[in-house]
Every structure is written in structure tokens, then in C-alpha cells.
Protein chains: 2
Amino acid sequence: MKLATLRNGRPDGQLVVLANDLSRYVSAGRIAPTLQAALDDWQAHEPALSALAAQLDAGAIAGQPFDADLALAPLPRAYQWIDGAGYLSHLERVRTLKGSKDEELQSTRPLLYQGGSDSLSAPTDAIRVTDPDLAIDFEAEVAVIISAVPMGATREQAAAAIRLVTVCNDVSLRRLVVDDLQNGFGFFHAKPSTSFAPIVATPTSLGTAWRGNRLHLPLRIEVNGTLYGQPNAGADMHFDFADLIVEAARTRSLGCGTIVGGGTVSNRHDESLPIKPDGIGFACIAEARTVEKLKYGRARTPFLKPGDVVRIGAMSPEKSVFGDITQKVVLA
Amino acid sequence: MKLATLRNGRPDGQLVVLANDLSRYVSAGRIAPTLQAALDDWQAHEPALSALAAQLDAGAIAGQPFDADLALAPLPRAYQWIDGAGYLSHLERVRTLKGSKDEELQSTRPLLYQGGSDSLSAPTDAIRVTDPDLAIDFEAEVAVIISAVPMGATREQAAAAIRLVTVCNDVSLRRLVVDDLQNGFGFFHAKPSTSFAPIVATPTSLGTAWRGNRLHLPLRIEVNGTLYGQPNAGADMHFDFADLIVEAARTRSLGCGTIVGGGTVSNRHDESLPIKPDGIGFACIAEARTVEKLKYGRARTPFLKPGDVVRIGAMSPEKSVFGDITQKVVLA
């Protein structure tokens, strides 16, 4: 089953059910007005939403053409957004950057940070910055939305709590990371609003692409139409989503509708930008710059600047499974 | 106007309006079912809620007896919980502790951390821990709930966004602070669920106790019936709430219903525990221990242990303005 949240003038938008081919949608308002409401009573609502999707697929309901440009983030505001660090090669590459710490590299227990979840950006929202010189970077990630998880949850409980899967862009202002991590109480100013793809899908609807608590699909990332990366989110993911949820629930329970990010997708290789059409590349600019520094003595790929457009999607094989995130950088 | 959220079996509870003397309440369900719903359309709802409160005070509505034990946190789950560090003497005292960093002390721009807001504890909820040896501490704070604030907001915009005031207990597991701040991405495991007093009040309803974007009342803190502190939240608050909101909105907008904490209340003095009935004392144990170390060469006041009960309230003069937070430490 695939769901989306469409603009309706209210902060939480309107939950809709999509046809399996993403061509059409029908309002889920008679079952649950919003995605959070559906999650709050998933046992009751999930079968009804699935039945609606089946009717749409069978043609018993005509539905309306789906336009991803009308989508908000699946949860336009959420009660929790936790981002993990599942891919060690991402940590290895960014830790060599100024301001990142050696201790960031942890392979025994995943690092997590508490992100702001009060206003999650729509897939087509601008990346708004007040200063063009903050080393603006994208970070392409897989994210899951979970049901309530008790404190001290097991891996089995964690895996069973995964309700929906999507991709997100955890925008980072690299120039502010140093202050946040070394002089402050953790990420804050360096992490403005994270954006999400228009569509969330149940793990079962993803077939074999979802296995071992990982999404086995490449994330395709373009900047201004140029391919920057297509790393596979299922490869080199040292900590899977069950691991990340278990770690998040070490000292506290997790509320229903918590979003957990898997961290910037990163595969082990030593290519640099530009990559070939079948290359792997990077899911953030900081990693590309690190590889360039090692190879050429200096970083060549600039961070994002106002006017740049970044596009992110999980591909299977040529279809963007959750729809694309397409964001332009805009000076506020 | 004073509001509370009562248990009704739903995650967000039931919004009620209180009589000014806190003796009685009436459901606000016909205006807004929940506090978040009231905040989402405050311009429309605030006058209606105020009118209901006036009817209750005039006896035109009988209402029902208010029992604070039935209260949830005013926002049992919120879209954002940001905790600031408004009191420099708190930072000065805790920075001498092992694991805290010198750089924590910042007097030009306030430190902030992004807290978990997915499940905020009721005033009488237990402090649940899986390990009794985590150096469990309370932190008594003032908190405000705000309307939406744009990125780059001015002090005037920030001050005008303050809708409601209350007190909270930002529970800390001191033993986990080192890992979170030095080896991680900021506070995470060290900060389990924050608890809130049962009542929120509009700034105007607080009269002269609310001025200069500060609450000028002592927070009274007892552990197992013994007075630990009664520092005045209006004294020595270097960064007021407008400052904290401006800083939080530096690189991003803040969603409606964001809760901003003022940091552990802390007054400058060199008394140690036990304090006299008219003493000042401390709003967290870590500060008391630092003063003891300086004075006696070792910390004498233990952190909380299972079975301990901490009680926190803002007093005017003998009345607990927002109702008490009363939490027992329980081994989960």
C-alpha cells in the first residue's frame, strides 16, 4: 500500500491512498483524515486503507490523477524525527572534514541525533537559507515511520514497528556543524527543515526491495540535472533500521509516528565526481569533497548555492518508487 | 486564562478551561478538542476560550472540580521541544563536572538543544529508568509554548509569539551526557521524557509575575519532602525567552505549538545543601554537587535513586501557580 498527504490548507494536510502504479489517488478521509491519525490506530485503519487501495487498483473506484506537486511531506509535522548513522563510509568520509570529530566513527553502536520535526518540507519546497555561504549540502537518506516502541525494545520489536518507508533529504549547513557539535549541545542550527518524498509505502508493498530491515534500491541524486550519485541503500548499511530503532529506545519509549532516518546513504568506493552513467557517486557533497581532497589535494565540487536544484529518488529500475524530492536553493 | 489537558484515553487528551482559582474546569471541546488544535487557530479560539473562563469564574457555568492528578502534560506530544540555557550560573556550575565542556559556557549567544517531544510526561508520571546507576537528576525549568515564528525573527516577533507559560522537569541521566555530547551528535540518551506541570497560563493572566519575557516567581523543589531549592526564575536569567526564541529561529522557522524551555533555573550564591527555609538552593542536583565539591572537596548530595520523589512548582506566594510536578523514580 502506498499513501501520500496532499495540500488542503490545514497544517497536517489530507491523507490519500494511491493506486499501485501511482497514477491515481482517492481520499482516505472517511477512514483517517491525516497520516498521523491513521498511524494512531493502525490496526483498525490499515485493513480499511488497503481495501480502498485494492478498489482503486481494480477500477471499482475511479479516483483522481495523482500530481506529486500537490504533495506535502507525508507527515508535514511529526512528533519525532530521529536521524541515525547507518553507513560507516559516510562517517569515515565526513570525519576528515574540519569540525567533524574522530569519535563520530562508531561501529559498535550507531550515532543518532534528534532532529526538528515541527515543519518537515514538502518534496518541492525550496531550501531557504538566510546566508548563501553556509556550505549548503543535501543528504539523501531512506527513512521509516514507526508505531510506538517501548523503552528497551528488542530487535524483533523494533523491526515489527516499521510501518512505512520513504526517502528524505536531510539538508545540512556544513559551516554550522562545528559550532553545533563542539561548542553546543548537538545539531541544531546546522539542520534546517528535512524534506520528504511525496509517497510512503508499506514494507510488504516493496517486495524483495525491502529485506533485512534495509531498502535495497539505489538512490539517484542529481544537481542541476547532473548525476552526483546512485549508491544502493541496501549495500554497506552497517546498522539496519532495527538496530537504529533499538538504539533510539535505549533510555526512552518512542511515540507512534516517529520518523527514523537511516543516515546519508554511502557505498564504499574511491571514484570522484563527475561519475560515469554506471558509477556510484555520493549522496551528499561533503563526501565527494573528501574524496577529491585525498585524490587531488583540494575539494573541487562546490556546495549548493542559491538557484541550484537537487533531485533525489529511489529507483526501481527507472521508476522513482516514492516520487522525487526536487528542491531549489533560495536565499530567504 | 489557564488551561489543562485531561486524560480521555486519546494520545492528545482533552483540552479544558480552568477557573482562575484552579478549583473547577469545563471542557473546551466545543471550541477546540486539544491544546494543539487551539494553538493552530489561536486568533479564533483564544477569545472563545477566554469567554468560557469568564463564565466559569462568574458562576454562569458550574464546571467540575479540578483534580490535577487527572492531567496529562499540556501537550502530551508536541511537534517540537527546544531547551535553552538562559541561566549562566547553571552552565558555570555544571561545566566543572566530568564530561561537560568548557565551551558550554557561552554568554553571547544561548545554547539550545533539540529535545524529544513525542511523549511528554504527565505531572504525576514516574521517571522510568532501566538502570538505577545513570546519575538521575531533575532540572526544574520555566517553559513557554509559542505560535509559529518565521526564520530570522526579531526579538519583538519572538516576544509576541509567546502564548502560554508553565514549568517542566527536564530529566537528565548525567552519566550519559559525556557520550551524547563528546562522542555523539548531541543530547539524546541522556534526556528521557520531560514532564510538565498540569496547568498552562497566558502571560497576561500572570500579572506582574510575567515581565521582561521572564517569569518572576521562585521554583520550589523538594526531594522526598526536603527542600532542595527555591531559586527565582526571574533573577539571573541572562537570556530571556525572546532571546532564546530568536536564537532557535536563526536558520529555520518554528512551528506552532513549539515548546521552548528556559534552562535549569539557577541563581548566583554559594550556599550548599541542606538549605535554610529562606535559602535559595538549586533546581538540579548536579549544581548542588559542584558547590559541595568546591566547599568540601567532594559531592555529598546523591543523585536520585528508585523510590525517590521529586516535587516542583512555581510559587506565588504559597500557591503552586501551574500545579505541582510530582514524580517518583521507578526502575522499569
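Reminder, nothing fancy here: chain letters follow the sequence lines and each chain counts from 1. Worth knowing before you read on, the calculation uses all heavy atoms, side chains too, and leaves out hydrogens, waters and symmetry mates.
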Next on the checklist: Pair A:Asp41, B:Arg10 - check salt bridge (charged side-chain N to carboxylate O under 4.0 Å, His left out), show working.
Outcome noted: CA-CA 10 Å; A:Asp41 202 358; B:Arg10 296 294 304 159; 5.1 Å; no
Checklist entry - Taking C-beta and beyond as the side chain, do A:Cys256 and B:Pro11 meet within less than 4.5 Å on heavy atoms? => result no
Item to check | Atom group of A:Ala332 that falls short of 4.5 Å from chain B, counting heavy atoms | outcome: side chain
Item to check | chain B contact via A:Ala248 - which portion, at a heavy-atom distance below 4.5 Å | outcome: both
Item to check | Most chain B-contacting option - heavy-atom pairs closer than 4.5 Å, from A:Ser193, A:Pro192, A:Gly116 | outcome: A:Gly116
Checklist outcome for this item: Highest number of heavy-atom pairs under 4.5 Å with chain B among A:Asp131, A:Asp40, A:Thr130 belongs to A:Asp40
Checklist entry - Is there side-chain contact between B:Val129 and A:Met151, with at least one heavy-atom pair below 4.5 Å? => result no
Checklist entry - Which pair of heavy atoms, one from A:Phe185 and one from B:Leu112, lies closest together, and at what distance? => result CB-O, 3.6 Å
Checklist entry - Can you name the closest pair of heavy atoms from B:Asp179 and A:Arg109 and give their distance? => result OD2-NH2, 4.1 Å
Checklist outcome for this item: From the list A:Thr258, A:Asp118, A:Leu173, the residue making the most non-hydrogen contacts under 4.5 Å with chain B is A:Asp118
Checklist entry - Just wondering, do B:Phe188 and A:Tyr113 contact through their side chains at under 4.5 Å, heavy atoms? => result no
Checklist entry - About how many Å separate CZ of B:Arg252 and OG of A:Ser119, when rounded to the nearest 0.5 Å? => result 8.0 Å
Checklist entry - Is the closest side-chain heavy-atom distance between B:Gln36 and A:Arg77 below 4.5 Å? => result yes
Item to check | Side chain B:Ser117, main chain A:Tyr79, donor-acceptor under 3.5 Å | outcome: yes
Checklist entry - Are the side chain of B:Thr251 and the backbone N or O of A:His189 linked by a donor-acceptor pair below 3.5 Å? => result yes
Checklist outcome for this item: What one should report as the nearest heavy-atom pair of A:Leu111 and B:Asn183 is CD2-O, 3.3 Å
Checklist outcome for this item: Heaviest contributor of heavy-atom pairs below 4.5 Å to chain B, chosen from A:Arg250, A:Lys191, A:Arg128, A:Glu247, is A:Arg250
